[in-house]
Amino acid sequence: DAAVDSARVALRMGARDVGILYRRSLEEMPAHQDQVEEAVFEGVKIELLSTPSRLTKAGARLRMECIRTRLAEVDESGRRQPEPVAGSEFEMDADTVIIAIGQMVDLPNDFGLPVTGKGTIETLADTLETGKAGVFAGGDAVTGPASVIEAIAAGRKVASSIDKYLGGSGDIDAAPAPREKAVALISSLLPLGERANVPTMPVDERLSGLMEVEQGFNEQAAVAQAARCLRCDLPVLGDASKCAGCMTCMLRCSFRFDGAFNLASSKIQVRRLVGRPSEFEITFTDGCDACGICVRYCPYGALTKQGTEKGG
Ligand SMILES: Cc1cc2nc3c(=O)[nH]c(=O)nc-3n(C[C@H](O)[C@H](O)[C@H](O)COP(=O)(O)OP(=O)(O)OC[C@H]3O[C@@H](n4cnc5c(N)ncnc54)[C@H](O)[C@@H]3O)c2cc1C
Ligand code: SF4
Ligand code: SF4
């Protein structure tokens, strides 16, 4: 998202005309789709299948010589490589050009720390201690480009390791956030509500600063969205004594995987017991990921999720 973030921040810093030049098509863009959509919504122009070939000064401005590209066949890397289209050169003038083509660790040599083949700091996985006694490292410098939450987790791990290194117990008091009140388990039998989009700030308000664009759900909406959880962490239990052998579960399950009703591909199997025409056996194959769809659709209450109201 580096290019998209740069463009959106440029708008907030007062740039009036902001564009992104990308040598592939939208399909190959590694940025998150919702971020790209928000950027376009805010006024960022995205020039696809184009790449700069030369940057020069043009008076007080910068001139980018560019060329259109087309995508060649997929290569060994699994991506379609862009190749320049002869005769499609064009120019763009700009006040500022931001080169946002990826990130890498920029580690000063005089740190004297052993590095990995990727140029990141080498650490022991358990303690995050580096090859230099008493020096610890965490975050992007160790993992390469990652996320804030991973950097925070590494920071906590390093703090604990340093405490131990200095003779402490390794227990660090600081909690990342106050514990919130527990929410009761959600019944997997509730009807699925609609997926809601997170409310966002109107464009004319958001461009005047660096405020949070996504406003988050209020408590009521958050609980309603959480109720859509399929609880695939809880196993599905079958109660053969309630089963009527209707096969609804098998049909629903197969539809999820095949997009068509096909009893053979169902991950739940219901079989009539030999010599006992009204008794059934319910089994699950290894392919069952406990999505709970069969539980929702069993009309006889023969399937439950362990830990939900009906499953006890
Ligand atoms: C454009 C962009 C968008 C991102 N968006 C997201 C996102 O939406 N969500 C998310 O979770 N993550 C996002 N990330 C990733 C996230 O920012 C990083 O994973 C996170 O900041 C890593 O934290 P860190 O503490 O390891 O490193 P950094 O946050 O990079 O902190 C390193 C610090 O060290 C300082 N420093 C560097 N060299 C020296 C030196 N020689 N001496 C002293 N200080 C030095 C730097 O100035 C910096 O302050 C994004 C990253 C980028 C680049
Ligand atoms: S829980 Fe999901 S995957 Fe497993 S049998 Fe039921 S519908 Fe199929
Ligand atoms: S939907 Fe319920 S009653 Fe019907 S076969 Fe499956 S487990 Fe048995």
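Throughout, residue positions are numbered sequentially from 1 according to the sequence presented. Indexing begins at 1, ligand by ligand and atom by atom, following the structure's order.
At a cut-off of 2.8 Å, C246 does not coordinate atom 8 (Fe) of ligand 3 through any N, O or S atom.
Contacts of I162 classified as side-chain contact (heavy atoms from CB on, under 4.5 Å), with partners at least two apart in sequence or in another chain: F136, V158, L166.
One hydrophobic cluster, built from ILVMFWY side chains closer than 4.5 Å, cannot hold both L303 and Y297; they sit in different ones. Connection of F255 to I293 is not established within any shared hydrophobic cluster, with ILVMFWY side chains joined at heavy-atom distances below 4.5 Å, either directly or through further cluster members.
A salt bridge links R12 with E42: the distance from a Lys NZ or Arg NE/NH1/NH2 to an Asp or Glu carboxylate oxygen falls below 4.0 Å. The pair K45-D17 counts as a salt bridge, with a side-chain nitrogen and a carboxylate oxygen less than 4.0 angstrom apart. Residues D1 and R8 are not paired through a salt bridge, judged by the lack of any N-O separation under 4.0 Å between the basic side chain and the carboxylate. With respect to R271 and E279, no salt bridge is recorded, no charged nitrogen being found less than 4.0 Å from a carboxylate O.
Listed by number with element, the atoms of ligand 2 under 4.0 Å from a non-hydrogen atom of R256 are 2 (Fe), 3 (S). The distance from ligand 3 to the heavy atoms of P299 drops below 4.0 Å at these ligand atoms: 1 (S). Within ligand 1, the atoms closer than 4.0 Å to a non-hydrogen atom of G139 are 26 (O), numbered from 1 in the order shown. Ligand 2 places these atoms under 4.0 Å from at least one heavy atom of D289: 3 (S).
Atom CZ of R54 is surrounded by 12 or fewer heavy atoms from other residues, nucleotides or ligands within 6.0 Å. Heavy-atom contacts from other residues, nucleotides or ligands closer than 6.0 Å to CE of M211 number more than 12.
There is a side-chain donor-acceptor pair under 3.5 Å between S265 and D258. Counted by atom type alone, S50 and R68 present one or more donor-acceptor pairs between their side chains at under 3.5 Å.
Counting protein heavy atoms under 4.0 angstrom from atom 11 (O) of ligand 1 gives one or more. Contact annotation for atom 29 (O) of ligand 1: protein absent (non-hydrogen atoms, distance under 4.0 Å). There is no protein heavy atom less than 4.0 angstrom from atom 50 (C) of ligand 1. In this structure, atom 46 (C) of ligand 1 has no protein heavy-atom contact shorter than 4.0 Å. Distances from atom 26 (O) of ligand 1 to the protein include at least one heavy-atom value under 4.0 Å. By the definition of a contact as any protein heavy atom under 4.0 Å away, atom 3 (C) of ligand 1 is in contact. Under the 4.0 Å distance rule, the nearest protein heavy atom to atom 34 (O) of ligand 1 falls outside the cut-off. Contact annotation for atom 43 (C) of ligand 1: protein absent (non-hydrogen atoms, distance under 4.0 Å).
Between L71 and Q81, every side-chain heavy-atom pair lies at or beyond the 4.5 Å cut-off. Side chains of V36 and L26 form a contact here, defined as non-hydrogen atoms less than 4.5 Å apart.
Here's the thing with V148: one of its N/O atoms is less than 3.5 angstrom from an N/O atom of ligand 1. On a distance-only criterion, D140 and ligand 1 share at least one N/O pair closer than 3.5 Å. Close N/O approach between A146 and ligand 1 is found [any backbone or side-chain N/O within under 3.5 Å].
The side chain of P108, and not its backbone, has at least one atom closer than 4.0 Å to an atom of ligand 1 (non-hydrogen atoms only; side chain from C-beta on). Looking at Q103 against ligand 1, only its side chain comes within 4.0 Å, counting heavy atoms. Of the heavy atoms in M250, none comes closer than 4.0 Å to ligand 3.
At least one test fails for K267 against the ring of F284: distance under 6.0 Å to the centre or angle within 45° of the axis.
Here C253 contributes atom SG and I268 contributes atom CD1; the two are 7.5 Å apart, rounded to the nearest 0.5 Å. For the atom pair R63 CZ and E91 CD, the distance stands at 5.0 Å (nearest 0.5 Å).
Closer than 2.8 Å to atom 6 (Fe) of ligand 2 sit the protein N, O or S atoms C294 SG.
Among protein heavy atoms, the minimum distance from atom 23 (O) of ligand 1 is reached at A151 CB, 3.4 Å. Of all protein heavy atoms, the one lying nearest to atom 5 (S) of ligand 3 is M247 N, 3.3 Å. For atom 8 (Fe) of ligand 3, the closest heavy atom belonging to the protein is C243 SG, 2.4 Å. Closest to atom 40 (C) of ligand 1 among all protein heavy atoms lies F111 CZ, 4.3 Å. Looking from atom 2 (Fe) of ligand 3 to the surrounding protein, the closest heavy atom is C298 SG, 2.3 Å.
Closest heavy-atom approach to atom 1 (C) of ligand 1 within the set V9, D5, V105: this belongs to D5.
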Side chain to side chain contact (heavy atoms under 4.5 Å, CB included) between F217 and V198, intermediate numbers included:
CA-CA 6 Å; F217 291 123; V198 178; 3.8 Å; yes
For E83 and R70, run salt bridge (charged side-chain N to carboxylate O under 4.0 Å, His left out): C-alpha distance rounded to whole Å, both residues' side-chain angles, the deciding distance at 0.1 Å, then the answer.
CA-CA 5 Å; E83 55 185 30; R70 69 171 150 247; 3.2 Å; yes
